Amino acid sequence: MIESPLLKQLDGYIGGQWAESAGTERFAVYNPATGDVLAELPMMQAAAVEAAIAAGQRALKLAEPYPLEVRRRWLEQIRDALLAHKAEVGRILCLEHGKPLPEAQGEVEYAAGFFGYCAQQLDALNSHDLEGRPRNCSWTVHYRPVGVVGLITPWNFPIGMIAKKLSAALAAGCPSVIKPASETPLTMVALFSLLHEHTEVPPGMVNLVVGKPSMIGDILCEHPAVPMLSFTGSTEVGRLLMVNCAPQVKKLALELGGNAPFIVFEDADLDAAVDNLMANKFRGGGQTCVCANRIFVHRSVAAAFAEKLVARVRALRVGDGMASGVDIGPLINQAGFDKVRRHVADALAKGAALLAGKHPDDLGEGHLFYPPTVVSGVTRDMACAREETFGPLVPIALFDSEDEVIAAGNDTEFGLAAYVFTGDEARAARVIGALRFGHVGWNTGTGPTPEAPFGGMKASGVGREGGLEGLFEFVEAQTVPRG
Ligand code: NAP
C-alpha cells in the first residue's frame with residue numbers, strides 16, 4: 001500500500017471536506033509495474049454526486065462574482081503548491097501510472113504552468129465596453145461563469161489533464177465536480193490535499209467524486225444544475241456524453257482520441273526528425289493522445305530514416321518507472337497491452353516487416369512491459385493505421401508525393417495532432433494548411449503548452465484548452481446594450 005503525506009484521506013471531497021464513505025464498497029488502484037495494490041477508494045453513491053453538485057451550487061456566485069484578484073490568488077496558490085510538492089505528487093503519479101519518475105514530475109510542472117498562465121491572463125475576463133454606440137446604445141460585454149461544471153479526466157495524464165480544465169474553470173468562477181480515471185485517482189486525491197491545505201479556494205468550488213463512471217457521468221449529464229461538461233478521454237465515451245447532454249443542450253468541451261500522422265519529407269533533417277519522433281512517440285510509453293501513430297516517410301529516405309530510428313529504439317530501457325535510467329514504463333493495464341499486441345500481430349500478418357521489438361508470439365505473460373517495436377511496410381488496411389495504438393509501436397508507411405501523403409494523413413476520423421518534417425517553407429505552408437488537425441508541429445514533435453490553444457478537429461473533439469481560447473471555455477458572454 002502506498003504511504004504519502006498527501007494521501008492521508010482516501011476519499012472523495014465535497015463542500016470543502018473529505019467525504020465520509022466508510023462502509024462503502026471500495027475499488028483498488030494498482031501499480032502497473034508490479035501489480036501491487038496501492039490503495040482502495042470508495043465507490044461513491046449517487047447521493048454523494050448529488051451532494052457535490054449541491055455544494056457547487058452553493059459556491060457559485062453570479063450576482064456578486066468572486067473578484068478577479070481573488071481568483072488570481074487561488075490560481076497562484078495552486079501553482080505554488082504543485083511546484084512545492086512536485087516530488088511527492090510526481091512519485092504518486094509514477095506509482096499509479098507507471099511513467100518514469102522524472103517524466104511524472106515533469107507533468108506536475110506542466111500542470112502548474114496552466115494555473116500560472118490563467119493567473120497571468122485573467123484580466124482578459126474583465127468586462128469591457130464596445131467602441132461607438134451601435135443602435136444608439138452603449139454596449140457592455142460581461143464574461144459570466146457557465147455554472148457548476150463536470151470535469152472528467154483520463155488516466156494518461158493524471159495531473160496534466162485536470163490542470164487544463166480546473167485552471168480555466170476557477171479563472172471563470174465556475175465550481176466543479178471532478179471525476180478522475182479509476183486507474184489513476186490517487187494523483188487527484190493528492191491535488192485535493194493540496195487544495196485543502198494550501199489554498200483559499202472556498203468550500204464547494206472544487207469537489208471530487210470517484211466510483212462507477214457511467215453512474216457519475218449520467219448524473220452530470222442529466223442534472224439541470226450542471227450546464228457544462230468538460231471531458232478528456234476516448235471518442236467513444238465522448239460521443240455518449242454528447243448524446244446524453246443533447247436533451248438539455250448542455251455546453252460541452254471534448255478532448256478526444258487522436259491518430260497522429262508524422263510526415264518526413266525527403267528534404268527533412270533526418271536526425272532531427274528521429275530525435276523528435278523518439279521524444280514524441282515514447283512519452284508516457286506511447287500512451288498520449290498526441291503520440292505519432294502513423295509514420296509516413298518519403299520512399300527516397302526511408303532506409304536511412306529507419307536505420308537511425310531502429311538504433312535508437314533498441315537502446316530504450318523498459319522497466320519500473322521508479323527505477324533510475326528507465327525510458328519507458330509499463331502499459332496501464334492488460335487491455336492496453338493486448339491492444340498493442342493485436343496491432344503488431346495484425347500488421348505482421350498483413351505483410352509488415354518487424355524492424356525492432358519482439359514478435360507478439362514471443363512476449364512473456366504476466367506483466368505489462370511492452371517492448372518498443374518498429375514495423376515497416378504499413379498499409380491503410382492495418383489496424384495500426386486505422387486505430388489509436390496507445391503504446392510503443394512505430395508503424396512506418398512509405399509515400400512518393402505531397403498530395404498522396406496529405407490524403408493519407410487526413411484519412412482518419414481523428415484530427416488532433418500531426419507533425420511535418422521538411423526544410424521547404426512553401427511546402428510546409430501548403431501541407432499544414434491542408435492537414436485537418438488542431439495541432440501541427442513543423443520540424444518538432446512537441447505537444448501542447450499552457451500558452452497555446454490545443455484541441456481537436458473532426459472526431460477528436462470540441463473546444464480548446466490552453467491559451468486565451470482555453471481561458472474562455474468556461475464563461476458565457478453576456479451582452480448588455482444600455483439605452
Ligand atoms: P476513457 O475510457 O474514455 O475514460 C476517460 C474518463 O471517462 C475516465 O475518467 C473514465 O472513467 C470516464 N468514463 C468512462 N465511461 C464513462 C461514462 N459512461 N460516462 C462518463 N465518464 C465515463 O478514456 P481513457 O482510456 O481513460 O483515455 C484514453 C483516451 O483519451 C485516448 O483515446 C486518448 O487519445 C484520449 N485523450 C485525449 C486527449 C486530448 O487532449 N484530446 C488527452 C488525453 C487523452 P473510468 O476510468 O472510471 O472508466
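For this chain, numbers begin at 1 and follow the sequence in order. Owing to the predicted nature of the structure, the values given are computational and were not obtained by experimental measurement. One-based numbering, in listed order, for ligands and for the atoms of each.
Among residues at least two apart or in separate chains, side-chain hydrogen bond (donor to acceptor under 3.5 Å, both in side chains) pairs with a member in residues 273-283 are D275-R312, N280-Y419. The list of salt bridge (charged side-chain N to carboxylate O under 4.0 Å, His left out) pairs with a residue in residues 163-188, not counting sequence neighbours, reads K165-E465.
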Starting from the N and O atoms of ligand 1, find every protein N or O within less than 3.5 Å and list the pair with its distance.
from     : atom 1 : to   : atom 2 : distance (Å)
ligand 1 : 3 (O)  : S234 : N      : 2.8
ligand 1 : 3 (O)  : S234 : OG     : 2.6
ligand 1 : 9 (O)  : T153 : O      : 2.7
ligand 1 : 9 (O)  : K179 : NZ     : 3.3
ligand 1 : 11 (O) : K179 : NZ     : 3.0
ligand 1 : 23 (O) : S234 : N      : 3.3
ligand 1 : 25 (O) : W155 : NE1    : 3.1
ligand 1 : 26 (O) : W155 : NE1    : 3.1
ligand 1 : 30 (O) : G233 : O      : 3.2
ligand 1 : 32 (O) : E388 : OE1    : 2.8
ligand 1 : 34 (O) : E388 : OE1    : 3.4
ligand 1 : 34 (O) : E388 : OE2    : 2.5
ligand 1 : 40 (O) : E255 : OE1    : 3.2
ligand 1 : 41 (N) : E255 : OE1    : 3.4
ligand 1 : 41 (N) : L256 : N      : 3.2
ligand 1 : 41 (N) : L256 : O      : 2.8
ligand 1 : 46 (O) : S182 : N      : 2.8
ligand 1 : 47 (O) : K179 : NZ     : 3.0
ligand 1 : 47 (O) : S182 : OG     : 2.5

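H97 and W155 have tilted rings, their planes meeting at an angle from 30° to 60° on a 0 to 90° scale.
Taking the side chain as every heavy atom from C-beta outward, V420 and L435 approach each other to under 4.5 Å. Taking the side chain as every heavy atom from C-beta outward, M205 and L170 approach each other to under 4.5 Å.
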Tell me which donor-acceptor pairs under 3.5 Å the side chains of residues 34-49 have, and how far apart each pair is, sequence neighbours excluded?
from : atom 1 : to  : atom 2 : distance (Å)
T34  : OG1    : D36 : N      : 3.1
T34  : OG1    : D36 : OD2    : 3.3
Q45  : NE2    : M43 : O      : 3.0

